[in-house]
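Please read the structure below before turning to the comments.
Whatever order the structure lists them in is the order used to number ligands and atoms, beginning at 1.
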Amino acid sequence: MTGRQLITDAQNTWCPGCGNFSIQHTLKNVLSEMENEGKSLDDVVLVSGIGCHAKIADYLNINTFYSIHGRTIPVATGIKLGNPNLTVICCTGDGDSYAEGLDHLIFAAKRNIDITVIVHNNRVYGLTTGQYTPTSPLGFKGKSTPSGTAEYPVNPIELMLASGATYVARGYSKKMDLLKKLVMEGISHKGFSFIDVLQICATFFPAADYYNPRVYELSDHDRTNFESACSKAREWDYNSDARIALGTFFTRSLPTFDEKTGRHEERVTDKKQSLRDVFLQKT
Ligand code: SF4
């Protein structure tokens with residue numbers, strides 16, 4: 001199927017000004033570009049979890065799988081292992097992947113499974129009206145913490161570097177051109193790609209005034225240097241008033257999980273087998 005309308009007719013219930021729109025339209029632009037370059041979108045699968053972000057499964061007209069809370073990444077991993085020829089994109093929330101699904105995120109990075117994980121990191125549980133998540137800043141006041149949180153946030157970039165992710169980047173929902181570049185890079189990267197997206201939650205964490213003066217794009221950074229990536233990751237700890245680096249922190253090339261386990265080879269062999277069966281039936 002080519003030239004399809006990529007935004008569905010499903011009624012969109014995201015709040016006006018929600019950063020999920022930027023991520024949705026970025027993905028639409030990336031998919032259009034892939035299609036223009038000859039890639040069949042029938043070979044692309046998007047998996048989402050539970051949360052406001054997850055509705056993207058209804059709003060993009062490609063193969064999607066609306067999974068359950070915290071289990072986005074194992075579903076994506078299973079799809080990739082079932083058919084290594086597919087491009088698997090995983091849209092997940094910060095509550096979804098840094099709380100309940102944290103172990104899956106770490107193990108996916110450790111395994112170097114060839115999927116692209118895009119975290120809609122709005123730093124709040126928006127769907128359930130404003131509870132704190134693992135990336136909410138210290139003192140965040142929400143429904144479950146009226147006096148403010150007493151916990152420091154986790155730093156997902158540092159966490160993913162320590163877990164062995166082979167592509168680590170950070171985007172921002174108000175910088176769509178950069179976000180598109182990062183998503184394209186992530187999809188092209190062979191191995192586990194992780195993109196943390198600082199996403200505005202217009203209703204429960206409208207942080208644009210905080211982010212806008214602090215964000216800058218990495219330029220003279222050596223993305224193959226692990227120590228330098230760690231140092232850049234620590235520059236802003238998701239809590240301080242430091243500048244916030246956007247872009248690719250780290251990338252390296254390693255064999256993927258399906259290559260190491262022989263799944264890719266098996267799949268190719270299966271395919272050859274079935275083509276041969278078809279040929280034999282015809283003769
Ligand atoms: Fe977006 Fe926040 Fe509204 Fe959810 S609650 S749709 S994240 S603005």
Side-chain angles (χ1 to χ4, degrees), residues 6-30 46-61 64-73 89-102 105 116-146 148-149 151 153-154 156 170-176 178-180 182-183 194-212 214-215 238-239 244 246:
L6 284 165
I7 303 292
T8 67
D9 294 332
Q11 185 190 1
N12 192 307
T13 57
W14 286 330
C15 310
C18 176
N20 280 317
F21 286 106
S22 307
I23 300 175
Q24 179 200 19
H25 282 266
T26 297
L27 273 169
K28 184 201 82 170
N29 294 339
V30 166
L46 183 144
V47 184
S48 72
I50 293 292
C52 292
H53 81 275
K55 299 174 186 176
I56 200 166
D58 288 331
Y59 301 158
L60 278 176
N61 182 23
T64 59
F65 191 114
Y66 209 140
S67 73
I68 56 174
H69 192 61
R71 306 294 176 252
T72 326
I73 290 171
I89 302 168
C90 196
C91 283
T92 176
D94 47 318
D96 205 28
S97 53
Y98 302 151
E100 191 170 351
L102 180 62
L105 179 69
T116 300
V117 172
I118 300 168
V119 183
H120 300 222
N121 184 4
N122 58 9
R123 309 176 70 197
V124 69
Y125 285 104
L127 191 68
T128 48
T129 68
Q131 296 79 14
Y132 80 104
T133 72
T135 49
S136 300
L138 179 69
F140 174 82
K141 290 185 180 168
K143 288 280 169 66
S144 58
T145 51
T149 59
E151 298 173 27
V154 297
R170 180 161 58 212
Y172 176 32
S173 60
K174 286 195 168 286
K175 299 272 181 193
M176 279 180 67
L178 175 63
L179 187 55
K180 181 182 170 206
L182 299 178
V183 173
F194 168 82
I195 305 164
D196 180 65
V197 183
L198 299 173
Q199 179 230 307
I200 300 300
C201 170
T203 304
F204 297 108
F205 197 163
D209 288 348
Y210 172 80
Y211 293 138
N212 288 345
R214 290 175 177 79
V215 292
Y238 287 72
N239 199 58
I244 303 171
L246 302 176

### Query
Any N/O/S atom, backbone or side chain, of Cys201 lying under 2.8 Å from atom 2 (Fe) of ligand 1?
yes
Of all the non-hydrogen atoms in the protein, which one sits nearest to [atom], and at what distance?
{"atom": "atom 8 (S) of ligand 1", "value": "Ala202 N, 3.2 Å"}
{"atom": "atom 4 (Fe) of ligand 1", "value": "Cys52 SG, 2.4 Å"}
{"atom": "atom 7 (S) of ligand 1", "value": "Asn122 ND2, 3.4 Å"}
{"atom": "atom 1 (Fe) of ligand 1", "value": "Cys18 SG, 2.4 Å"}
{"atom": "atom 3 (Fe) of ligand 1", "value": "Cys15 SG, 2.3 Å"}

Does [X] reach the main-chain N or O of [Y] with its side chain, forming a donor-acceptor pair under 3.5 Å?
{"X": "Asp96", "Y": "His69", "answer": "no"}
{"X": "Thr64", "Y": "Leu46", "answer": "no"}
{"X": "Ser173", "Y": "Ile200", "answer": "yes"}
{"X": "Thr145", "Y": "Phe140", "answer": "yes"}
{"X": "Ser48", "Y": "Ala54", "answer": "yes"}
{"X": "Arg123", "Y": "Thr135", "answer": "yes"}

### Task
Would you kindly specify which portion of Phe204 sits under 4.0 Å from ligand 1, judged on non-hydrogen atoms: side chain, backbone, both or neither?
side chain
### Message
Below a 4.0 angstrom heavy-atom separation, can you tell me which part of Gln199, side chain or backbone, both or neither, approaches ligand 1?
### Response
side chain
### Query
Does ligand 1 have any atom that is closer than 4.0 Å to a heavy atom of His120?
no
### Message
Would Thr203 count as a contact residue for ligand 1, given that I'm defining contact as a non-hydrogen atom of the residue lying under 4.0 Å from a ligand atom?
### Response
yes
### Query
Using 30° and 60° as the class limits, which term best fits the ring planes of His120 and His53: parallel, tilted or perpendicular?
tilted
